[in-house]
Colleague: 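Next up is a structure, given as structure tokens.
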Amino acid sequence: MSNVKQLLKEKLTAESYSRLMAVENVKIHEFVADAIELTGPETVFVCTDSEDDVKHVRRMAVESGEEHPLETPGHTSHFDGPSDQGRDRKATKYLVPKTETLSKALNQMDREEGLAEVRGLLKDCMKGRTMILRFLSLGPAGSVFSVPCVQATDSWYVAHNEDLLYRTAYEQFCKIDKDKNVFCFLHSAGELDENMVSVDVANKRIYMDYTRDTVYSVNTQYGGNTMGLKKLALRLTIRQADAEGWLAEHMFVSGVYGPGGRKTYLAGAFPSACGKTSTAMLPGETILGDDIAYFRKINGQFRAVNAEAGIFGIIQNVKAKDDPMIWDILHNPGEVIFGNILVKDKRPYWLGMGAETPDDGVNFSGQWYKGKKDANGKEIPLAHKNARYTVALTALANCDPELENPEGVPLGGVMYGGRDPKASVPVQQAFDWAHGIVSYGASLETETTFAIIGEEGVMEINLMSIQDFLAIPLAKYIQNNIDFVQGIVKPPLVFGVNYFLKDKEGNFVNDVPDKHVWVKWMELRVHGDCDAIACPTGQIPCYDDLAQLFKQVLDKPYTKEDYVKQFTIRIPENLAKIERVMQYHSQNVPNSPKIVHETLEATKKRLTEASDKHGDYISPFDLAG
Ligand code: SPV
Ligand code: MN
């Protein structure tokens, strides 16, 4: 028997040992043995796919005090600490061997130093606790898209979330090849206080050893930092996809109905808190996924799956009126985990819920009362803006029936959107695939939001809304996207959207539900069922088509004034944006594909020529016909 097996036999109960040995894979055995030696748990719970095991995780999440049952059966709530309410860019680093370099826009450090640091923090941190081992699959299990993942964590909350968000795959792991590579995630919440909140958040670390497809996360609980299969795995899958010729994207996928009941699948990339989940969940359409999609070419078709099987969604502004489907789930029996909301008398409350909220209760700051201030004298809101809910997609009545299709769904279009108050029109279509990837994806400029720790409202370029997760040279990533459609019979159309355009007075030019009209317009465009007007930055909708869609989809009048306000081409703002994008690429994207520069230059030229002809602010009616 090898040393690894010997150690596992000594440290595990007979039952756990036999469960783990049923998974005959060298890397997994080595990872678990190392994790046990490093963190020193009292016991190891090897979770299979059985109903009993899954129930045990659920029960322990409450018994351990990490989650609290709410009034509605199946609902629980959990709190992360005040400094642990979002993804933490500063604490998240790639560990780079001395012989390699990564794009300097990515946060990184020397691999050996990083391993020593994070392993030092993880040393003995599971003493007296249970290590939970979960075997899960990204993408439908048993498909060409599947990526097998092992999670080791001392947080029942993390294990419970992953149950709702991913596919359990212990049975698949029992058939895995001995030498198959798998992604491994080791997490510990670190020392906890009496409220079960990580104490040592100053020493929060999320370090990615991509050379071993292994991620270490410690002294944090927030889902985006701890659930291995979410953003930690995305960073690794981007590398795997690059090596194997497919794409891993920060995108939702949904099925949008068109004339005659046809269904067209659309995907979309938006930075965090820019409308991605709400676009994925439009009433009357179907949802396949809301955060991470994998794309592969299968028989000349562009096909997509959801890497996940649940939603870790932002709850702020979820209202009965605007989000009826998710509202229902959040108010009826069934499995829901609420994170960082306000709890009073076992009822959940959040910001912008469109209902009366109490003046006191328990939130991420502990006992809360209206007017409570933080250490800097800033008033603490009743719930965090980045408060979340976790639900399985199958809980939604409009969950797309193809969720588990091992071949995925064919994609008709992709969209890119950010928070751009000044320049981009609400919706436009690219002239072709490469034009769209460059002009809407690789040029995506957005205001920072509360979903990431740090200042809000700062304009930044967020390449294809995936900048935070890129782990390959940025130029390579752009080129991979541009090249991906080679050999595809009908590549998806590419759209740029902007739900956050403002007028001179600082008011949004659109209402929240209007995005449904843009999506329906895209559906028609995919099938060539309506015209568009060429403008310097792309193709925009014709007034008559929008007026008809506003009536049909939202039963709302749509005036020519609305149209002009929303679709006037703002030349100076667009030129200024292009300058910033060019500067970003020249500073951060060494060897940026030639087509990026050429495309941006061509747009610049079109903008300048249009302004010479029509002035700085061009009404769409001046461009039509
Ligand atoms: C996002 O912020 O993009 C999310 C939530 O989807 S998480 O990455 O998990 O923080
Ligand atoms: Mn996301």
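Note that ligands are numbered from 1 as they come in the structure, with each ligand's atoms numbered from 1 the same way.
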Colleague: Assess the pair Phe295 and Trp246: is the distance between their ring centroids shorter than 6.0 Å?
Modeller: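 Between Phe295 and Trp246, the centre distance exceeds or equals 6.0 Å.
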Colleague: Can a non-hydrogen atom of Lys276 be found less than 4.0 Å from any atom of ligand 1?
Modeller: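 No heavy atom of Lys276 comes that close to ligand 1.
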Colleague: Hey, does Lys230 come in under 3.5 Å of ligand 1, counting only N/O atoms on both sides?
Modeller: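 No, there is no polar N/O contact under 3.5 Å.
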Colleague: Around the Mn ion (ligand 2), how many protein N, O or S atoms are found at less than 2.8 Å?
Modeller: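 Protein heteroatoms (N, O, S) closer than 2.8 Å to the Mn ion (ligand 2) number 3.
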Colleague: So which protein heavy atom does atom 4 (C) of ligand 1 come closest to, and at what separation?
Modeller: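 Nearest protein contact, heavy atoms only, for atom 4 (C) of ligand 1 is Lys231 NZ, 3.0 Å.
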Colleague: For Tyr389 together with Phe312, are the ring centres under 6.0 Å from each other?
Modeller: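 No, the ring of Phe312 stays outside the 6.0 Å limit from the ring of Tyr389, centre to centre.
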Colleague: Provide, to 0.1 Å, the distance between atom 10 (O) of ligand 1 and the closest protein heavy atom, together with that atom's residue and name.
Modeller: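 Sorting protein heavy atoms by distance from atom 10 (O) of ligand 1 puts Tyr222 OH, 2.7 Å first.
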Colleague: Taking only Lys NZ, Arg NE, NH1 and NH2, and the carboxylate oxygens of Asp or Glu, determine whether Arg58 and Glu335 approach each other closer than 4.0 Å.
Modeller: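 Salt bridge present between Arg58 and Glu335.
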Colleague: Does the side chain of Asn219 come under 3.5 Å of the side chain of Ser198 through a donor N or O and an acceptor N or O?
Modeller: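 Per modelled atom types, Asn219 and Ser198 side chains form no pair under 3.5 Å.
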Colleague: Are Lys385 and Phe450 in a cation-pi setup, meaning NZ or CZ lies under 6.0 angstrom from the ring centre and within 45 degrees of the ring axis?
Modeller: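 No - Lys385 does not lie over the ring of Phe450 by the 6.0 Å and 45° rule.
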Colleague: Check ligand 1 against His250 and write out every atom of the ligand that is under 4.0 Å from a heavy-atom position of the residue.
Modeller: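 Numbered from 1, ligand 1 contributes 3 (O).
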Colleague: One pair to check against side-chain contact (heavy atoms from CB on, under 4.5 Å): Val256 and His516. What are the steps and the verdict?
Modeller: CA-CA 10 Å; Val256 178; His516 204 160; 5.9 Å; no
Colleague: Step through the shown structure and confirm whether more than 12 heavy atoms of other residues, nucleotides or ligands are within 6.0 Å of CD on Glu244.
Modeller: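 Above 12, so yes.
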Colleague: Salt-bridge test for Asp468 and Arg235: reply yes if a basic N is under 4.0 Å from a carboxylate O, no otherwise.
Modeller: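 Here Asp468 does not pair with Arg235 in a salt bridge, since their nearest N and O are not under 4.0 Å apart.
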Colleague: Which atoms of ligand 1 have any heavy atom of Asp291 under 4.0 Å away?
Modeller: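 Those qualifying, in numeric order: 6 (O).
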Colleague: Hey, looking at atom 3 (O) of ligand 1, which of Ser272, Ala451, Cys274 has the closest heavy atom?
Modeller: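 Shortest heavy-atom distance from atom 3 (O) of ligand 1: Ser272.
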Colleague: Tell me whether Lys230 is salt-bridged to Asp291, with the criterion being a basic N under 4.0 Å from an acidic carboxylate O.
Modeller: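 Counted as a salt bridge, because a side-chain N and a carboxylate O are separated by less than 4.0 Å.
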Colleague: Kindly assign one of parallel, tilted or perpendicular to the pair Trp350 and His331, based on the angle between their ring planes and the thresholds 30° and 60°.
Modeller: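 Trp350 and His331: tilted rings.
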Colleague: Record the part of Arg388 in heavy-atom contact with ligand 1 below 4.0 Å; permitted values are side chain, backbone, both and neither.
Modeller: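 Side chain only.
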